[in-house]
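In the text below, chain A, chain B and the rest are named by the order of the sequence lines, each starting its count at 1.
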Amino acid sequence: MYLLAHVPYQAADNCYNSCTMPELPEVETVRIGLHQFLLGKQVKAVSFDWPKGFPNAASDVQGFLAGARILDVRRRAKVLLIDLDTAYSLVIHLKMTGQLVYKGDHERFGAGHPNDSLVGTLPDKSTRVTFDFTDGSQLFFNDQRKFGWVRLMPTVEVEHLDFFQRVGPEPLADTFTPKDFVTRIRRRPKSGIKAVLLDQTIVAGVGNIYSDESLWGAKIHPETKVADIADSQLEVLFKALQDILRLSIEKGGSTDRNYVNAEGKRGSYLTFAHVFRREGKPCPRCGTTILKIRAAGRGTHLCPNCQIKV
DNA sequence: CACTTGACCTGTCCGC
DNA sequence: TGCGGACAGGTCAAGT
């Protein structure tokens with residue numbers, strides 16, 4: 001019997017590859033799953049043939065990954081970190097279509113999990129890396145579009161990666177205050193607010209879904225220039241963003257059958273989205289038809305009545 | 001420098 | 001049924 005490490009993003013069978021792109025809540029859900037499944041496991045072998053996405057030399061993999069035990073699974077922004085007892089870490093970015101799928105643990109999880117059929121087909125043509133553990137379980141890195149990547153590097157060097165040097169604060173960190181949020185957003189006064197939310201150097205982890213959802217929550221048009229938004233409105237936006245991220249993480253944890261069955265598919269945070277991918281449907285707040293436009297180079301969803309462009 | 005756009009990939013969907 | 005083009009839950013390099 002098998003389990004996905006990120007069950008909520010496996011929607012319908014025919015949606016296997018197109019419904020898995022992660023933002024902060026999705027990556028956090030993957031992290032929680034991997035943390036549960038992988039801690040203490042010992043890597044037996046790694047197979048990969050994907051120099052661009054996993055550029056480490058075979059000798060590094062042999063020396064610091066094969067035989068290593070997994071100490072911890074962490075997340076920063078949308079990046080996953082798997083710490084090994086060799087003082088090396090796997091650094092993984094799923095980008096748009098990356099997946100980490102775990103297969104194993106018959107005793108712990110029992111039979112009949114709804115993801116049996118899916119995981120049973122792995123590895124497949126999108127499998128870029130396969131990790132074999134000494135207990136016979138496996139972890140697959142699948143990535144249809146090959147935007148994602150895996151790196152093996154010394155744990156102490158991870159924080160020195162360019163991305164981690166530049167990335168903004170975690171939006172749900174206790175130490176990150178509404179005032180901090182406003183200050184950082186104001187670093188891009190002439191940009192549209194959606195572009196700023198998507199900028200990982202301002203705030204970490206926000207992507208296309210949660211920018212649209214939080215802007216709807218705060219009743220701000222995605223193309224509004226930051227300079228035209230009052231501090232009080234930015235604070236409302238911060239609250240809306242935190243609420244939607246927390247809600248989504250909570251839903252991501254809803255991997256049980258009931259949730260799956262109730263939706264008729266394998267769970268999706270989209271079932272509670274207010275505007276995302278709901279163009280043509282009524283706004284849950286006012287009933288106006290939801291619009292889809294192009295903003296910050298991305299498909300963008302909004303209520304043209306609630307979210308007036310300044 | 002601030003800010004926006006194109007490129008990276010593969011697959012799917014939609015209109016002709 | 002086939003084909004072209006748009007588009008996709010991200011990020012960085014190159015452009016204005």
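- Not counting sequence neighbours, Lys292(A) has no partner by the salt bridge (Lys or Arg N to Asp or Glu O under 4.0 Å) test.
- If you take atom P in dC7(C) and the same atom in dT5(B), they sit 14 Å apart, rounded to whole Å.
- Of the candidates dG11(B), dC9(B), dG10(C), dG11(B) carries the atom nearest the Gln144(A) side chain, counting heavy atoms from C-beta on.
- When the P atom is used for both dA13(C) and dC9(B), the distance is 15 Å, rounded to whole Å.
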Note to self: Checking Lys194(A) against Asp212(A) for the salt bridge (charged side-chain N to carboxylate O under 4.0 Å, His left out) test, could you report, in this order, the C-alpha distance in whole Å, the side-chain angles of both residues, the deciding distance, and whether it holds?
What the structure shows: CA-CA 8 Å; Lys194(A) 170 153 177 169; Asp212(A) 283 6; 2.6 Å; yes
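- Residue Lys95(A) has no polar side-chain atom (N or O) positioned under 4.0 Å from OP1 or OP2 of dT11(C).
- Side-chain atoms of Arg188(A) stay outside donor-acceptor range of the base of dA2(B), with no qualifying N/O pair under 3.5 Å.
- Here Arg294(A) does not reach the OP1 or OP2 of dT4(B): none of its side-chain N or O atoms lies under 4.0 Å away.
- Residue Pro189(A) has its side chain nearest to dC3(B) when only dC12(C), dT4(B), dC3(B) are considered.
- Residue-level contact check: Gly297(A) touches neither bases nor backbone, having no heavy atom under 4.0 Å from any strand.
- At the heavy-atom level, Gly148(A) lies nowhere under 4.0 Å from the strands shown.
- Using modelled atom types and a 3.5 Å distance limit, the side chains of Thr177(A) and Asp180(A) yield a donor-acceptor pair.
- Around atom CD of Gln62(A), no more than 12 heavy atoms belonging to other residues, nucleotides or ligands sit under 6.0 Å away.
- Within 4.0 Å (heavy atoms only), Arg166(A) reaches sugar-phosphate atoms of the nucleic acid but no base atom.
- Between Arg298(A) and dG10(C), a side-chain N or O to OP1/OP2 separation shorter than 4.0 Å is present.
- Under the stacking criterion of a centre-to-centre distance below 5.5 angstrom and an interplanar angle below 30°, Phe147(A) sits stacked against the six-membered ring of dC8(B).
- When each of dC12(C), dT4(B), dC9(B) is scored by its nearest atom to the side-chain atoms of Lys52(A), the top-ranked nucleotide is dC9(B).
- Side-chain proximity of Arg277(A) to dC3(B), dA8(C), dG10(C): nearest is dA8(C).
- Checking dG10(C), dT10(B), dT4(B) against every side-chain atom of Ser191(A), the shortest atom distance belongs to dT4(B).
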